[in-house]
Structures are given as C-alpha cells and as structure tokens.
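Report on the structure given below.
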Amino acid sequence: MKILLILLINGLLFSCAGKKETSELGPNIVLIMADDLGYGDISCYGSSSINTPNLDLLAANGVLFTDFHSNGSVCSPTRAALMTGKYQQRTGVEGVVTAKSHRKVGLSLGEITMAEELKQYGYTTGMFGKWHLGYDKAFNPTLQGFDAFTGFVSGNVDYHGHIDQEGYLDWWQGAEIENEEGYTTDLITENGVKFIQRNDPKKTDKPFFLYLPHEAPHSPYQKRIDKVLREIGTAGTQEVIEDSISSVYKEMVEVMDEGVGRIVQSLKETGQYENTIIIFISDNGANHFGDNGGLRGYKASPYEGGSRVPAIFSYPGIIKVGSVNNQTVLSMDLLPTLLDFIGQKPVAKIDGVSIKEILLQQENLPERDVFFAYGNKSFIRSGDWKLISIEGKNGKDIELYNLSDDLQEQTDLSTVKPDVAGELLAKLESWAIEVRDGVDLVAK
C-alpha cells in the first residue's frame with residue numbers, strides 16, 4: 001500500500017509532462033543495474049532510512065514491478081541470463097565466476113548478447129561498470145558487442161583503488177587494463193554521461209544502448225571519502241567496523257541514486273529523455289547488511305529475498321505514469337522485450353519472453369512456470385505456488401509455499417499438498433536436465 005500511495009501521488013504530480021516528440025530512430029536504451037540491492041533498499045519500495053529521490057521519480061514516471069526476479073541469487077548467473085535472454089544454465093554460468101578460481105573462463109563468445117543483438121540494428125553500444133562474465137581479455141565486453149567499455153571484470157573492486165579480491169588491478173579501458181582515479185560509483189556515472197553526450201543521436205543518426213552495471217552496494221563497504229582497503233599483490237580486504245556498515249551502505253545507495261539523476265538529466269539536456277527507455281534493476285537480493293523488504297532469505301538463498309528485486313521501467317509518453325505491476329518477470333525477459341520495442345526478435349532461441357504489452361497495455365503474460373537454481377538449491381514458481389528443492393547427503397528436502405497468502409514463506413505445505421508438491425518437483429527435475437544437456441560448465 002505504501003508503494004502504491006507513493007506512486008499515485010507522484011503520478012499526479014508528473015502526469016502533465018510534455019508530449020513525447022516523435023523520432024524516426026528507435027528508442028535509446030539505458031539499463032542500470034545495482035549490485036546486491038535488496039527489495040526494500042530504496043524509498044519507493046518502502047525504505048524509511050535510505051533516500052532515493054531520483055529512483056522514486058523514475059518510478060513515478062513509469063512502472064514499478066513488485067514480482068521482478070533476478071535470474072540468479074548471485075552475480076554472474078544473473079548477468080549471463082540478462083545478456084543472453086536464456087536461463088543461465090544453458091550458458092554454463094551457473095555460479096560465480098570468482099577472482100580466485102575462474103580467471104581463464106567466461107561467457108562463451110558463441111553466445112549472442114543483448115549488445116550484439118542491438119548492434120546489428122544500428123545501435124551504438126556502451127558499457128561502464130561491472131562485467132563479471134570473464135576475467136581474461138578473451139572474454140572482454142568489447143568482444144561481446146560493446147563498442148565502448150570502461151570498468152572492471154571481477155565480482156567487486158576496491159571503490160577507490162580498483163583492486164579485486166585477489167590483489168589484481170582491475171580497471172579496464174576497452175580490452176586493456178588502465179586505471180583512473182575516482183570512486184567507482186561516480187566513475188560509472190561520469191562515463192555514462194560522457195557516452196550520452198558523445199553519442200547524441202541528433203549528431204550520430206544512431207540510437208544508443210547504454211549499460212551501467214553498478215558495483216553499489218556490494219562490498220567492500222566504502223564511502224566517497226574512505227581509504228583504500230586493498231593492496232595490489234595481496235589477496236584480501238582490510239576489515240570495516242561492522243557497526244559503521246549501515247551508514248556506509250546508506251551512502252553507497254544514495255550516491256548511486258544521485259548518479260541515476262545525473263543520467264536522466266543528461267538525457268534531458270541532449271533532448272533524448274522522451275525517446276529513451278530507462279530500466280533499473282538489481283542483480284540479486286541483499287545480504288544481511290541490506291533490506292529485503294520483509295521477504296525471507298538473502299543473497300544466494302532460494303527464498304524470495306534472494307531473487308525478488310526492485311525493478312523500474314520508464315519510457316516517457318509511452319509507458320503509463322505511476323503504475324504498479326504484480327506479474328512475475330525475470331532478468332532474461334529484458335532482451336526480447338527491448339528487441340520487441342524496435343520490432344525485432346532474438347536471433348537465437350531463448351527462454352525469456354517480451355513484456356512489451358505489459359508495459360504498454362497492462363496486459364497479462366501468458367501463464368508460464370519459471371525456474372531457478374544455484375548450487376544445491378533450486379525452485380519452481382507456478383502461479384501462486386513455489387516449490388523449493390534442497391539437495392543434501394541424504395537426498396532432497398522439499399518445501400512448498402503458496403505465495404498469494406504467504407509471501408514470507410513461513411508455512412510449508414509440502415505434506416498438506418503432496419500432489420501439488422510432486423507435480424512441481426517433477427517439472428523442476430525435468431527442467432534441470434533439459435537446460436544442462438550438452439552444456440560445458442563454466443562456473444557452478
């Protein structure tokens with residue numbers, strides 16, 4: 001109710017925005033992704049401690065999703081699904097591509113990414129921020145469809161020194177390591193602003209796709225004025241006083257929100273705001289330092305707190321202002337959706353579906369089962385039902401919840417509804433076999 005009230009009020013305030021200018025070019029696309037941001041970590045999703053006025057305004061001028069899920073409950077799998085439109089299991093990126101153990105592997109160049117899809121239809125493509133789909137330059141974003149890339153390829157870097165968990169400098173300009181001074185969140189925003197200015201379609205006669213995968217609020221927990229916590233050549237991170245993390249976390253999210261405001265302002269200054277689809281999502285739920293909005297579980301968990309994340313879509317003059325959508329949508333749905341907006345379909349066979357008509361006409365998606373798996377934990381969502389399977393030494397433990405009246409997943413109904421549990425488990429097991437058939441595992 002709080003979410004709905006906020007959006008209704010803001011929707012009234014901004015419903016008198018100017019009419020959309022027509023453009024012969026396709027819409028620009030700005031995709032912003034937070035890292036480990038929880039369902040309740042921003043104001044328009046109910047946070048009373050973190051102030052995110054720019055994201056709130058974006059939601060007031062677009063659609064806020066209440067049942068959007070990252071494809072994975074950790075970083076790399078979600079990014080693989082986002083880029084390819086497939087269940088990440090089909091790409092072999094089932095787990096985290098770690099700095100310690102996965103420095104020579106990455107997302108196959110044979111996969112067709114969102115950037116490659118858009119590039120073939122005339123888009124200029126740029127990425128600034130976190131890749132996490134391959135450390136080696138053989139898997140660099142510039143080989144996966146991005147014309148420009150500045151950022152890091154690991155799971156996280158020191159926000160000031162840009163050093164990864166194993167002590168390697170990890171700040172790239174294209175396919176070469178070249179550090180630059182600055183706080184990671186600000187650098188991502190600044191590079192995004194420059195990209196918008198440099199690729200103004202009125203000058204280039206081409207639309208652009210800008211992907212801004214932020215590091216915030218992922219650890220290490222550092223404010224703009226904090227010291228470097230890592231050292232080149234040495235693995236590990238200096239400890240941060242735990243009692244201070246909540247205030248640091250708050251600033252990290254608010255600085256990212258400030259950056260969202262700067263991106264929107266840049267679009268307005270170049271006259272492109274009215275012709276730009278803006279999407280904001282998170283790659284998975286928060287850890288125990290964040291707020292998952294009362295949902296059970298955290299990052300890496302099979303419960304809703306692991307994958308149900310904030311998601312906001314804005315397309316001024318096209319998408320209904322200040323609306324709330326309760327349908328189940330996944331990261332992998334973005335690729336076919338964006339292509340649908342320019343009248344195209346994915347080249348490869350994918351699992352995601354377009355939600356264009358949800359955004360334009362508030363239509364319902366066709367019924368579908370959706371699946372998640374990470375490590376020894378997996379689950380299926382089928383309508384209101386959710387079945388979780390956890391594999392252990394003594395076999396599988398299953399839990400069954402009806403999310404329509406038990407969103408916090410407190411009452412296990414697996415023994416009360418054995419027929420439902422059995423049917424869903426069979427579907428989950430069949431899916432697990434099918435998506436892994438013939439796939440070379442990159443990370444598990």
Side-chain angles (χ1 to χ4, degrees), residues 2-4 6-7 10-11 29-47 50 52 54-73 75 77-79 81-83 85 114 211-214 216-217 253 256-257 260 263-264 276-286 290-295 299 304-315 318-338 340-341 352-360 362-365 370 372 381 403 407:
K2 181 176 180 180
I3 293 171
L4 183 58
I6 291 171
L7 290 174
N10 285 327
I29 298 163
V30 176
L31 172 56
I32 306 170
M33 185 160 66
D35 195 349
D36 290 6
L37 183 77
Y39 188 78
D41 268 334
I42 57 179
S43 305
C44 55
Y45 277 84
S47 177
I50 299 177
T52 54
N54 294 295
L55 287 170
D56 298 348
L57 185 57
L58 200 66
N61 283 284
V63 179
L64 182 150
F65 280 79
T66 64
D67 196 13
F68 186 97
H69 286 260
S70 57
N71 262 72
S73 58
C75 302
T78 292
R79 293 160 200 273
L82 176 70
M83 283 292 106
M114 182 183 293
Y211 176 38
L212 296 175
H214 274 283
V253 176
M256 178 175 61
D257 177 78
V260 171
I263 292 296
V264 172
T276 301
I277 299 170
I278 306 173
I279 302 170
F280 177 86
I281 58 174
S282 179
D283 68 338
N284 48 251
D291 181 358
N292 286 321
L295 300 173
K299 173 183 179 178
E304 291 294 284
S307 61
R308 189 183 288 235
V309 296
I312 300 167
F313 289 67
S314 170
Y315 190 3
I318 301 296
I319 292 177
K320 184 179 179 181
V321 169
S323 57
V324 176
N325 190 283
N326 301 318
Q327 295 188 64
T328 305
V329 179
L330 280 70
S331 308
M332 67 183 184
D333 295 330
L334 297 190
L335 185 150
T337 300
L338 294 174
D340 199 4
F341 267 104
V353 298
S354 172
I355 63 166
K356 176 184 174 184
E357 295 309 313
I358 289 179
L359 296 168
L360 297 183
Q362 291 77 52
E363 292 184 3
N364 291 327
L365 279 173
V370 295
F372 299 74
R381 286 277 308 274
L403 298 183
L407 189 57

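All residue numbers refer to positions in the sequence shown, counting from 1.
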Practice task
Any chance you could lay out the side-chain contact (heavy atoms from CB on, under 4.5 Å) test for Phe313 and Asn325, step after step, and finish with the verdict?
Solution key: CA-CA 11 Å; Phe313 289 67; Asn325 190 283; over 6 Å; no

Handout entry: Backbone N/O of Val260 and side chain of Asn54: donor-acceptor pair under 3.5 Å
Key = no

Practice task
With side-chain contact (heavy atoms from CB on, under 4.5 Å) as the test, would you mind laying out the steps for Leu403 and Arg308 before giving the verdict?
Solution key: CA-CA 12 Å; Leu403 298 183; Arg308 189 183 288 235; 4.2 Å; yes

Exercise for the section: For residues Phe341 and Leu360, determine if any side-chain heavy atom of one lies less than 4.5 Å from a side-chain heavy atom of the other. Expected result: yes

Handout entry: Flag, side chain of Asp340 to backbone of Pro336, donor-acceptor distance under 3.5 Å
Key = no

Fill in the blank from the handout: Taken to the nearest 0.5 Å, the spacing of Ile318 CD1 from Leu359 CG works out to 11.5 Å

Practice task
List the steps, then state whether side-chain contact (heavy atoms from CB on, under 4.5 Å) holds for Asp257 with Ile42.
Solution key: CA-CA 9 Å; Asp257 177 78; Ile42 57 179; over 6 Å; no

Handout entry: Sub-4.5 Å side-chain heavy-atom contact between Ile319 and Ser314
Key = no

Handout entry: Straight-line distance of Phe280 CZ to Phe65 CZ, nearest 0.5 Å
Key = 15.0 Å

Exercise for the section: Starting from the C-alpha separation in whole Å, work towards a yes-or-no answer on side-chain contact (heavy atoms from CB on, under 4.5 Å) for Val353 and Asp333. Expected result: CA-CA 5 Å; Val353 298; Asp333 295 330; 3.7 Å; yes

Exercise for the section: Check the surroundings of atom NZ in Lys320: do more than 12 heavy atoms from other residues, nucleotides or ligands lie under 6.0 Å from it? Expected result: no

Practice task
Give the minimum heavy-atom separation between Leu31 and Met114, together with the two atoms involved.
Solution key: CD2-SD, 4.1 Å

Problem - Inter- and intrachain pairs under salt bridge (charged side-chain N to carboxylate O under 4.0 Å, His left out), touching residues 31-40, at least two apart - result: Asp35-Arg79, Asp35-Lys130, Asp36-Lys299

Problem - Side chain proximity check, Ser323 to Val63, heavy atoms < 4.5 angstrom - result: yes

Practice task
Enter the distance from Leu212:CG to Ile32:CD1 here, rounded to the nearest 0.5 Å.
Solution key: 5.5 Å

Problem - Spatial distance of atom CG (Asn364) from atom CD1 (Ile355) [nearest 0.5 Å] - result: 12.5 Å

Handout entry: Main-chain N/O of His69 paired to Ser307 side chain as donor or acceptor, under 3.5 Å
Key = no

Problem - Heavy-atom side-chain proximity of Leu37 to His214 below 4.5 angstrom - result: no

Problem - Side chain proximity check, Arg381 to Leu330, heavy atoms < 4.5 angstrom - result: no

Exercise for the section: Looking only at non-hydrogen atoms, find the nearest pair between Pro310 and Gly38 and report the distance. Expected result: CG-O, 3.3 Å

Practice task
For the residue pair Ser70 and Asp283, confirm or rule out a side-chain donor-acceptor distance under 3.5 Å.
Solution key: no

Practice task
Kindly say whether Gly294 contributes a backbone atom to a donor-acceptor pair with the side chain of Tyr39 at under 3.5 angstrom?
Solution key: no

Exercise for the section: Taking the side chain as every heavy atom from C-beta outward, state whether Leu82 and Leu335 have any pair of such atoms under 4.5 Å apart. Expected result: no

Exercise for the section: Report yes if the side chains of Ile281 and Leu334 come closer than 4.5 Å at any heavy-atom pair, otherwise no. Expected result: yes

Problem - CG-CD1 distance between Leu58 and Ile312, expressed to the nearest 0.5 angstrom - result: 5.5 Å

Handout entry: N/O donor-acceptor pair under 3.5 Å between Gln327 side chain and Leu365 backbone
Key = yes

Problem - All salt bridge (Lys or Arg N to Asp or Glu O under 4.0 Å) counterparts of Asp291, not counting sequence neighbours - result: none

Practice task
May I ask you to decide if Ser43's main-chain N or O and Thr52's side chain share a donor-acceptor pair within less than 3.5 Å?
Solution key: yes

Handout entry: Rounded distance [0.5 Å steps], CG in Leu55 versus CE in Met256
Key = 6.5 Å

